Amino acid sequence: MKKKLLALVLASAMALGLAACGSTNKGGSSASGSAKSTKATTQNHDTDVLNLNIASEPQSIDPALNTAVDGGILIVNSFAGLYTYDSDQKLTPDVADGMPQVSDDKTEYTIKLKKTKWSNGEPLTANDFVYSWNRVIDKKTASGYAYLFDIIARKGDKLDVEATDDYTLKIKLTNPCPYFNDLLAFPTFFPVYQKEVDASVTDKVPAGTWSQEAGFVSNGAYTLKEWKHDESMVYVKNPNYYNADKVKIKELHFMLSAQDTTTYAAYNKGDLDFIDTVPNDEIKTVKDNPEFNIMDNLGTYYLAFNVNADLFKNMSEQQAKDFRHAICLLIDRQYIIDTVGQTEQVAADSFIPAGMSDGNGGEFKNKSYYDATKTGQDSVEEAKKLLEGCGYKFTDNGDGTYKCDPAISFQYVLNDDSGHKKIAESIQQDLSALGIDMQIQTEDWKVLIADRQKGNFTFAREGWLADYNDPINMLEMFATDSGNNDSQFGRDMDKHPSAPQNWADYDKLIKQIRTSTDFASRVDLMHQAEDMLMDTWAVIPIYYYNDIYMVKGNVKGVYGTVYGMKYFMYATKS
């Protein structure tokens, strides 16, 4: 999932070992003037209400349409899927009544369901999952995550999924899948209420408008009662939730804001019980605060070029690659970590983060594609040679910097977050060593997501937390038909000869990985796919994610996963 924040990390006491999904705006950010204290902050003792900030206005809270972590957090607290994660990050049944029964060839899954209800009191049945999953793959829905269902076999244009009775779901896979159980805990696989969804469908909005205002039907611990867009959301306990007896907090009040200085001040006053980011200038002062937590994620903060951008229109395919390679080499990653991240992130020298399972009983061994420990200045000469091969000439300014002819100027877009801005400014300074003018442009989070998906950018901030613990999830989003293929690989190649022309081979490789039954050779195929991706230099890793958050000492039971999700339904407050 796309990550909105710079850094998401699980509490150090948690046992880690899973992966994490994409992202929105998190990370270190810049602030000034806040109280600098390592002591516990003011507490709010309204035991019925949990006051929270995770981000600004969500991209979507429709399970089929959301691709961001903040929306995912809202979904997992208001919808329930077949499976979920407990406070030890172990996969556990949710609506499912036990773990799946799996055929000997590992391609048929039979799942029994508990007798649960929608928030309006109607029974939730296996057919609700059949409907919801087929809705995701319907092209009219335009789900960015439809490709996650490619592992499920088809019957015509429908999934080979059937309700053999009201509480039994039978699923046929195309081939054995080592991560399928984890997929079933992912928000895109959660059920939605068909009557309401279908009633809201219009020609203009074929996915329906059902989740765009408060009051819709869901099946999780909370229902959305009030939504003041760009300001706040109020969720209330769902009495029809199957596990309602264990839900002690009656209401979740979300402050919708990306202004970390504002949310941090509200937290210190006691107006917020939980914040999912801390201003960059405050990180050093709060590290010893017992309310401050750092949590590991499996994900990568990176930058992406649009391979179809006008910037490359007069270049050959190799020149475009060399141009992007030069930009990658100029960036001082450790400086960004030391001055912005400040929570011991690891400089990234590959796209797939360290620690991921290889799907064959081991850990995926990463390949280093460049020396991420070099400062930008250390690589100036190497980058200059690459750009000279693209036709640029450089004049030494006599101070270690150069003037470039013809001038290089392009725009870098990011969401409006002070941490991202500081990273952008650092990169801007690094590129200026070769006279490159990188202009910084901020956009609202929802606008940025849309512009990246449509290819309305040249260079953009990106972040991805794995949706499940397998490297294919870090690779499949760059397939030509993926809704998360922001770099526009494989699209309109005839109009853009400077773009990678071999992307049909990448698509075939992704398909091979998905369908391979030889899990050892599958690991080699994933290495080949990452090699192809990194050879484009359109994806520029910066560091591997971790997560910072603060939670009041009188709040217990909030937990997260390395997928970036946060769970509030079993929290208590004294």
Side-chain angles (χ1 to χ4, degrees), residues 3-5 7-11 23-27 29 40-59 61 66 68-79 87 187 214 218 220-238 241 247-279 286 289 291-293 295 417 445 547-561 563-574:
K3 191 169 187 182
K4 187 174 184 178
L5 309 169
L8 263 184
V9 194
L10 283 175
S23 132
T24 66
N25 87 342
K26 194 162 197 169
S29 47
T41 54
T42 302
Q43 296 178 350
N44 177 296
H45 294 283
D46 183 348
T47 57
D48 289 336
V49 177
L50 205 57
N51 301 289
L52 313 156
N53 170 260
I54 54 172
S56 56
E57 181 82 359
Q59 169 210 13
I61 50 176
N66 175 67
V69 170
D70 57 319
I73 293 172
L74 296 172
I75 290 168
V76 299
N77 285 281
S78 55
F79 289 84
S87 58
S218 60
Y222 294 92
T223 59
L224 182 56
K225 178 183 178 181
E226 179 182 298
W227 188 354
K228 295 180 180 178
H229 289 281
D230 298 306
E231 183 180 329
S232 63
M233 303 174 90
V234 174
Y235 284 82
V236 296
K237 180 178 175 179
N238 173 15
Y241 178 50
V247 178
K248 305 303 179 185
I249 298 290
K250 294 180 180 179
E251 297 186 5
L252 304 179
H253 292 190
F254 288 91
M255 175 183 180
L256 301 178
S257 174
Q259 300 300 315
D260 46 24
T261 54
T262 301
T263 57
Y264 183 65
Y267 180 85
N268 284 328
K269 286 174 59 180
D271 294 337
L272 289 173
D273 302 305
F274 176 97
I275 52 174
D276 217 13
T277 187
V278 176
V286 300
N289 190 317
E291 298 174 359
F292 181 75
N293 295 271
M295 193 171 103
D417 173 89
W445 174 232
D547 176 26
I548 58 176
Y549 66 91
M550 295 189 74
V551 60
K552 299 292 184 180
N554 63 323
V555 175
K556 307 297 181 185
V558 173
Y559 66 94
T561 70
Y563 302 103
M565 296 297 111
K566 297 292 194 307
Y567 298 82
F568 304 111
M569 68 277 286
Y570 302 128
T572 60
K573 186 176 172 184
S574 59

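Source: prediction; values computed, not measured. FYI, the numbering just counts along the sequence from 1.
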Subject >> Matching residue for K573 among D46, T47, D273 - test: side-chain hydrogen bond (donor to acceptor under 3.5 Å, both in side chains) >> reply: D273
Between [Y] and [X], is there a side-chain heavy-atom distance shorter than 4.5 Å?
X: L74; Y: M233; value: yes
X: P187; Y: V76; value: yes
X: K248; Y: T572; value: yes
X: P58; Y: N66; value: no
X: T561; Y: Y567; value: yes
X: Y222; Y: V247; value: yes
X: K566; Y: Y559; value: no
X: Y264; Y: N53; value: no

Original post:
Sequence neighbours excluded, which residues qualify as salt bridge (Lys or Arg N to Asp or Glu O under 4.0 Å) partners of K225?
Top reply: none
Which pair of heavy atoms, one from [X] and one from [Y], lies closest together, and at what distance?
X: G220; Y: N238; result: O-ND2, 2.9 Å
X: M569; Y: A221; result: CB-CB, 3.5 Å
X: I249; Y: A571; result: CG1-O, 3.3 Å
X: A55; Y: D70; result: CB-CB, 3.6 Å
X: S218; Y: T223; result: OG-CG2, 3.6 Å

**OP:** For side chain to side chain contact (heavy atoms under 4.5 Å, CB included), just list the numbers for I61 and W227, CA-CA rounded to whole Å, side-chain angles, deciding distance to a tenth of an Å, and then say yes or no.
**Re:** CA-CA 12 Å; I61 50 176; W227 188 354; 3.6 Å; yes
**OP:** Decide whether H253 and E251 meet the rule of one side-chain donor and one side-chain acceptor closer than 3.5 Å.
**Re:** yes
Nearest-0.5 Å distance that lies between atom [atom1] in [X] and atom [atom2] in [Y]:
X: L256; Y: I54; atom1: CG; atom2: CD1; value: 8.5 Å
X: K556; Y: S574; atom1: NZ; atom2: OG; value: 7.5 Å
X: Y235; Y: N77; atom1: OH; atom2: CG; value: 8.5 Å
X: L252; Y: F568; atom1: CG; atom2: CZ; value: 7.5 Å
X: E57; Y: S232; atom1: CD; atom2: OG; value: 10.0 Å

Subject >> L272 and M255: CA distance, side-chain angles, deciding distance, side chain to side chain contact (heavy atoms under 4.5 Å, CB included) verdict >> reply: CA-CA 8 Å; L272 289 173; M255 175 183 180; 3.8 Å; yes
**OP:** Under the side chain to side chain contact (heavy atoms under 4.5 Å, CB included) rule, what do H45 and N554 come out as? Steps first, then yes or no, please.
**Re:** CA-CA 8 Å; H45 294 283; N554 63 323; 3.6 Å; yes
Subject >> Option among V278, T262, T41 that satisfies the side chain to side chain contact (heavy atoms under 4.5 Å, CB included) test with Y267 >> reply: T41
Subject >> Candidate pair L50 and F274, rule side chain to side chain contact (heavy atoms under 4.5 Å, CB included), full reasoning >> reply: CA-CA 8 Å; L50 205 57; F274 176 97; 5.8 Å; no
Subject >> Qualifying residues under ring pair (Phe, Tyr, Trp, His ring centres under 6.0 Å), relative to Y570, sequence neighbours excluded >> reply: none
Original post:
Would you say the side-chain atoms of N293 pair up with the backbone N or O of E291, donor to acceptor, closer than 3.5 Å?
Top reply: yes
